[in-house]
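Just so we're on the same page: letters track the sequence lines, and every chain starts at 1.
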There are 2 protein chains.
Amino acid sequence: MSNETRQITTAFQKLALFWRASQWQAAGGAGLNPTQGEVLQRISRRSARLGELAAMLGISQASLSDTVSSLEARGLAERRPDPEDGRVRRIEATAAGRRVAADLPQAPAALERALEEMSDTDRAALARSLVGIIRALQEADAIPVQRMCVSCRHFRPFAHADAARPHHCEFVDAAFGDASLRLDCDDHEAAPAGEAAAIWRRFETA
Amino acid sequence: MSNETRQITTAFQKLALFWRASQWQAAGGAGLNPTQGEVLQRISRRSARLGELAAMLGISQASLSDTVSSLEARGLAERRPDPEDGRVRRIEATAAGRRVAADLPQAPAALERALEEMSDTDRAALARSLVGIIRALQEADAIPVQRMCVSCRHFRPFAHADAARPHHCEFVDAAFGDASLRLDCDDHEAAPAGEAAAIWRRFETA
DNA sequence: TGATTATAGTTAGGAATCCTATATAGTTTC
DNA sequence: GAAACTATATAGGATTCCTAACTATAATCA
């Protein structure tokens, strides 16, 4: 393994610890813990199945069920039956839950500042590298499929000549640039396996 | 805030969750939990004060004291008095603890593979960006001071003409390249504030 | 159709995290 | 030598998060 790989994993480790610690602080302000805060943010954007949330957070369904129950007890979330499948519970944020979620920072402020201080090209390169890493982890089944443009059936990389906005999303039927690539898009629909690989190759080698 | 900053923080969030989940798995194999595993790895490299470990992990001292007690109960760690300060306990790994730590993966295998697949230049750029981010967080007092070359009094960036090994460590009195930059060096000694800033400027603008 | 198997989620039970607050011991300051 | 500070430990408690077992629904297939 290369030395740089070691550097990078060490850095990720530090960032992961930092992230977790920041979450205790941030969520703590609202009387929540990190997991509750994370769940609340996600469901306030889009309702989700319980199992889906558990997979995203990397904890067991049972643990997540606990967390949802405690959010429910505080009136911040609700379980609703899914009309299409009687086994499924869709977890939704209540209005109060959305208000609380809106006050939670999306990312630690210090991290945002650090990123804003980077040069535009470095930041763009970093974003691109990280998208690639997440995609590789997703491919390796190490993390659940993420709602990223690069694995979405609506995504057409480099469909336009305009260098500033070369990509196209067929769902919203609009051109956009690298900076607008989504990692967690509400309108994501997973592309079929073969197609996803082809999309990625086009994106990556451009 | 730029869109790319949003992308990057989202990516870090996913990586942080992934890291934590991987740790449950990895440490679980040895009958440990993530925090115990993390502590054991650190003290098996170098003994540390209790408060120092707590700061590194971003948890309270009280929590860390619990964790150390449970490692102690399993015979994996020991508390020893510090000869220089009677209040301080140095936490050390026992021989058994070091054996267990040696079997814990330093990073999730899938992540290492993903990094190895990147091009050398991309990987080097990523490493450099992450070092910069960690340094910025450290500057902002968002994370405890890390044992990084770029904040070490022994580090002399670009002291040599050799492009492959331009830096110099005065502690080991040897030249080395970017790929060998340490993020968690055993021999780190924090540089005085003014000097550290100057070192970083030289490093960054080169 | 009806039995079997698989899936989604809940509940039970328990160990352990991680918190805040307080206590203790040692060190530094004045 | 008292007061203030620092490093750690302990107490008490809410909550996480686990595994295992259970219920309810859906899909499969003979």
Which nucleotide in the list [options] gets nearest to the side chain of [X]?
X	options	value
A/Q61	D/dT8, C/dA8, C/dT11	C/dA8
B/T35	C/dA8, C/dC18, C/dT27	C/dC18
B/W24	C/dT20, D/dC17, C/dT11	D/dC17

For B/L32 against B/Q36, the heavy-atom pair lying closest together:
CA-OE1, 3.3 Å
So which atom in B/S44 and which in B/A101 form the shortest heavy-atom distance, rounded to 0.1 Å?
OG-CB, 3.5 Å
Protein-nucleotide distance ([X], atom [atom1]; [N], atom [atom2]), rounded to Å:
X	N	atom1	atom2	answer
A/I59	D/dT15	CD1	C1'	12 Å
A/D82	C/dT7	CG	P	17 Å
A/L57	D/dT15	CG	P	18 Å
A/L64	C/dT11	CG	P	13 Å
A/Q23	C/dC19	CD	C1'	16 Å
A/E72	C/dT10	CD	P	8 Å
B/L50	C/dA25	CG	P	17 Å
B/L71	C/dT17	CG	C1'	13 Å

Most 5' of A/S70 and A/E84 on DNA chain D, judged by nearest nucleotide:
A/S70
Within the structure, does a side-chain N or O atom of [X] lie under 4.0 Å from either OP1 or OP2 of [N]?
X	N	result
B/N33	C/dA15	no
B/Q36	C/dT17	yes
B/S60	C/dC19	yes
A/S63	D/dT16	no
A/R79	C/dG9	no

Students often get this wrong, so: under 4.0 angstrom with heavy atoms, is [X] touching a base, only sugar-phosphate, or nothing?
X	answer
A/R20	sugar-phosphate
A/R74	sugar-phosphate
A/D66	base

Is there a donor on the side chain of B/R87 or the base of C/dT27 sitting less than 3.5 Å from an acceptor on the other?
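Result: no qualifying N/O pair found.
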Base D/dT8 paired with B/R89 side chain (donor-acceptor, <3.5 Å):
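Under the 3.5 Å cut-off, the side chain and the base do not form any donor-acceptor pair.
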Measure from the side-chain N and O atoms of A/E72 to the backbone N and O of A/R79, and report whether any donor-acceptor pair falls under 3.5 Å.
yes
Hey, does the side chain of B/R89 reach the backbone of B/L50 with a donor-acceptor pair shorter than 3.5 angstrom?
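Here the side-chain-to-backbone pair does not exist.
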Take A/L64 and A/T67, measure what side chain to side chain contact (heavy atoms under 4.5 Å, CB included) needs, and give me the verdict at the end.
CA-CA 5 Å; A/L64 191 70; A/T67 295; 4.3 Å; yes
Determine whether the side chains of A/E112 and B/T9 contain a donor N or O and an acceptor N or O closer than 3.5 Å.
no
